[in-house]
Amino acid sequence: MCTMDDAATTTMSNAERRLTFRARHRLSGIRAFTRVHREGVRKPRGPIIVIGMPNDLPHCRLGLSVSRRVGNAVTRHAIKRKLRESFRLLQHDLPGGYDFVIIVRPHATIPMQRYKDQLASAWEAIDATYKKRYRRSSDAEPSA
RNA sequence: CGACAUGGACAGGCGGCCGCUGGCCAGACUCUUCGGGGUCAGGACAGAGGAAAGUCCGAGCACGGCAGGGCGCGGCGGUGGGAGAAGAUCCCACACGUCCUCUCGAUCGGGGGCGCGGGUUAGGAGAAGAAAACGACCGCCGAUGGCCCGAUUCGUCGGGCACAGGUAAGGGUGAGAAGGUGCGGUAAGAGCGCACCAGGCGACCGGUGACGGUCGUGCUGUCAGACCCCCGCCGCGUGCAAGGUCAAACAGCUUCCGCUCGUGAAAGCGAGACGGCCGGCCCGGCCGGAAGGGAGCGGGUGGACCGCUGGACCGUGAUCGCAAGGUCGCGGCAAGAGAAAUGGUCGCCACCGGGUGGUGUUGAGCCACUCGGUACAGAACUCGGCUUAUCGUCCAUGUCCGAUC
């Protein structure tokens, strides 16, 4: 039993440490996108606008919206890959349980590190906003 | 050697770390209606293009439509062969037009490039212009007729006017002005006549044919067919978000059961209860099955699976063909995503450009350091073409020619 437990904990910790980007990390479907657009918090950061809202999952999900105005298919795809990579590398360093939609505005190409910094900044800002809201509502509830 | 043209090949390389998609091989945990499903970690393998693009043609495939014919709409357009699944497209030869190539220049020949290229004597629209064809704005003429003046042998003659009229030489407009140039001709002109040139028509000759040649014929405006139109030929529509399968949940529809007792294996039948209708009420008669459940049909929404990658396939050798390509042998299986994988980052090297320093008689070049760059561009059902974009490197072929004056 003891060994079983050990094995379980190691796999868990391994799973937590690994920087994967699977299908479950993707935001999919027009409903999920419009929901985030309508209810989420918008944080513009340079060439990108990050919209975030909490989900009921232990991890975060990412959706990308890059219009044709940004460039041709190759350019758009390159930006998407860099943003996805940024999300992948950041996923365990920042609080989980959010859905994000990133809208990309037309801009000159920049290295991935810049996208990563912008995303981290927006991520923290969104988390702070929801933490504040949660605290306010839990403070207000007992009094009312 | 160099320049230009055409065709072909390649589309920076290697490594570390961290990831993604696919089927395959194996494992742990877990759920299960025992069919299977879920989560996690692992292994080796495979994983964008010559244009994957534009979606412009031609097909396969799918669904819908379809007697036959006509109108309409759309597409194509030199000729003869050939390749091809194809009426897409391509190849060879020829014809026509045009350009280039030698030369101070001209002509002829050779060679090469380019051409969405049937009909403009079937007709129409089109700006400017007087007019695009039954042409007269200016101009020219005014022979002939008219009017006026003079002379007169009374027959006419000379001069004038620009009234009738004649006229396409010249001006102006235009891409184009009555085929062009020259000579004759005329009052002035005009294919009115002639010569040459260009075109049309006819005859003959050559050619399978596009067409070419000769002769005849005064027959002759021209830009536009990437405007309508005419002629010939061809053409159903929509595209994998096509379309098919599956199981859920929820509308809707059909049908059965329905509450009790008897009978019966069951279906059912009989009786009763209940509800509705006839009725003031009862009897009686007729009709029905709420709630709930079973079965069937089933629009739309979301999901899963199929379609979905083995094909007019790729590589290679032989052979046939001028070529496009054909035939045969051998070897191979090569992405299948779905908010959409095929990457991110770091280092080294290669190539190109700039700067600094060194070497070098100046220069060319070489070396070191440093900075920047390394195209166009991303599969979305699959093929065959076309078109467009493209940093550069390499290879192959062709041309850069001749005669006469």
Side-chain angles (χ1 to χ4, degrees), chain A residues 1-138 140-141:
Chain A
M1 284 304 273
C2 235
T3 48
M4 275 269 287
D5 262 355
D6 281 1
T9 46
T10 44
T11 51
M12 272 291 280
S13 58
N14 270 344
E16 269 181 329
R17 270 193 276 111
R18 286 200 51 161
L19 304 168
T20 58
F21 188 82
R22 297 280 166 74
R24 63 164 183 276
H25 297 105
R26 292 210 174 102
L27 198 61
S28 165
I30 187 120
R31 284 182 186 174
F33 268 72
T34 49
R35 196 170 123 86
V36 174
H37 266 279
R38 202 170 48 243
E39 299 176 25
V41 178
R42 295 169 73 91
K43 297 290 173 189
R45 287 289 182 281
I48 61 173
I49 303 169
V50 183
I51 310 174
M53 65 173 291
N55 60 19
D56 301 328
L57 303 166
H59 53 82
C60 286
R61 291 189 298 180
L62 179 70
L64 296 167
S65 175
V66 187
S67 82
R68 302 196 84 175
R69 292 193 302 128
V70 175
N72 62 20
V74 174
T75 311
R76 281 182 278 137
H77 201 179
I79 292 168
K80 280 182 174 181
R81 283 197 299 252
K82 286 180 181 177
L83 284 169
R84 213 177 286 131
E85 188 74 1
S86 303
F87 175 84
R88 185 176 74 80
L89 295 171
L90 286 168
Q91 61 181 323
H92 298 309
D93 301 336
L94 290 163
Y98 289 102
D99 281 348
F100 296 110
V101 169
I102 301 180
I103 299 168
V104 178
R105 292 194 282 215
H107 65 285
T109 50
I110 57 173
M112 194 206 77
Q113 190 59 42
R114 294 268 309 280
Y115 287 120
K116 197 176 161 190
D117 296 343
Q118 307 277 19
L119 176 61
S121 160
W123 194 326
E124 280 163 354
I126 288 162
D127 184 54
T129 307
Y130 279 103
K131 286 253 171 63
K132 205 187 287 176
R133 277 192 197 173
Y134 176 74
R135 223 177 298 124
R136 203 176 295 153
S137 63
S138 53
E141 245 172 84

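Protein chains get the first letters and strands the later ones, always in sequence-line order, with residue 1 at the start of each.
- Taking only side-chain nitrogens and oxygens, A/Arg81 never comes nearer than 4.0 Å to OP1 or OP2 of B/G378.
- Across all strands shown, B/G150 forms a Watson-Crick or G-U wobble pair, both distances under 3.5 Å, with B/C157.
- In this structure, the separation between CD1 on A/Ile110 and NZ on A/Lys82 is 8.0 Å, given to the nearest 0.5 Å.
- Across the strands present, B/C297 finds its partner in B/G252; the criterion is a Watson-Crick or G-U wobble pair with both atom distances under 3.5 angstrom.
- Atoms CZ (A/Arg84) and C1' (B/A340) sit 8 Å apart, rounded to a whole Å.
- Spacing of P atoms, B/A364 relative to B/G354, comes out at 12 Å, to the nearest Å.
- Between B/C116 and B/C91, the two P atoms lie 14 Å apart (nearest whole Å).
- A straight line from CZ of A/Phe87 to C1' of B/C18 spans 16 Å, rounded to a whole angstrom.
- Within 6.0 Å of the CZ atom in A/Arg42, the count of heavy atoms belonging to other residues, nucleotides or ligands does not exceed 12.
- The distance from atom CZ of A/Arg35 to atom C1' of B/G302 is 16 Å, rounded to the nearest whole Å.
- No cation-pi contact links A/Arg84 to A/Phe87, judged by a cut-off of 6.0 Å to the six-membered ring centre and 45° from its axis.
- Using P as the reference atom, B/U220 and B/A168 are 14 Å apart when rounded to the nearest Å.
- Atom-to-atom, NE2 of A/His37 to P of B/A339 comes out at 15 Å; the value is rounded to the nearest Å.
- Of the residues near RNA chain B, A/Asn72 and A/Glu85, the one whose nearest nucleotide (by heavy atom distance) lies more toward the 5' end is A/Glu85.
- For A/Gly63 and A/Ala78, each mapped to the nucleotide of RNA chain B holding its nearest heavy atom, the one lying further toward the 5' end belongs to A/Gly63.
- In this entry the base of B/A334 is syn relative to its sugar, with a glycosidic angle within 90° of 0.
- Taking 4.0 angstrom as the limit, A/His77 places a side-chain polar atom (N or O) nearer than this to OP1 or OP2 of B/A341.
- Counting only heavy atoms from C-beta on, A/Lys82 has its side chain closest to B/G344 among B/A379, B/C20, B/G344.
- Within the model, atoms NZ of A/Lys80 and CD1 of A/Ile102 stand 12.0 Å from one another, a figure rounded to the nearest 0.5 Å.
- Base orientation of B/G191: syn, since the glycosidic angle falls within 90° of 0.
- Here the closest non-hydrogen pair linking A/Ile51 and A/Ile126 is C-CD1, 4.3 Å.
- Under the Watson-Crick or G-U wobble criterion, with both distances below 3.5 Å, B/C261 is paired with B/G270.
- In this structure B/U208 sits in no base pair that meets the Watson-Crick or G-U test at under 3.5 Å.
- Taking the P atoms as reference points, B/U222 lies 46 Å from B/G398, given to the whole Å.
- Base-pair partner of B/G331: B/C314 (Watson-Crick or G-U wobble, both distances under 3.5 Å).
- Put simply, A/Arg26 has a side-chain N or O that comes within less than 4.0 Å of OP1 or OP2 on B/A340.
- Using a 5.5 Å limit on the distance between ring centres and a 30° limit on the angle between planes, the aromatic ring of A/Phe21 does not count as stacked on the six-membered base ring of B/G19.
- The base-pairing partner of B/G35, taking Watson-Crick or G-U wobble contacts with both distances under 3.5 Å, does not exist among the strands shown.
- Comparing the same atom, C1', in B/C90 and in B/G64 gives a spacing of 36 Å after rounding to whole Å.
- Counting to the nearest Å, the P atom of B/A341 and the CZ atom of A/Arg76 are 12 Å from each other.
- Partner assigned to B/U388 is none, using Watson-Crick or G-U wobble distances below 3.5 angstrom.
- The partner of B/C277, taking Watson-Crick or G-U wobble pairs whose two distances both stay under 3.5 Å, is B/G285.
- Here the separation of B/G117 from B/G77, taken at their C1' atoms, is 8 Å to the nearest Å.
- B/G365 has its base anti relative to the sugar, with a glycosidic angle deviating from 0 by more than 90°.
- Side-chain atoms of A/Gln118 never come within 3.5 Å of backbone atoms of A/Tyr115 as a donor-acceptor pair (strictly under, hydrogens ignored).
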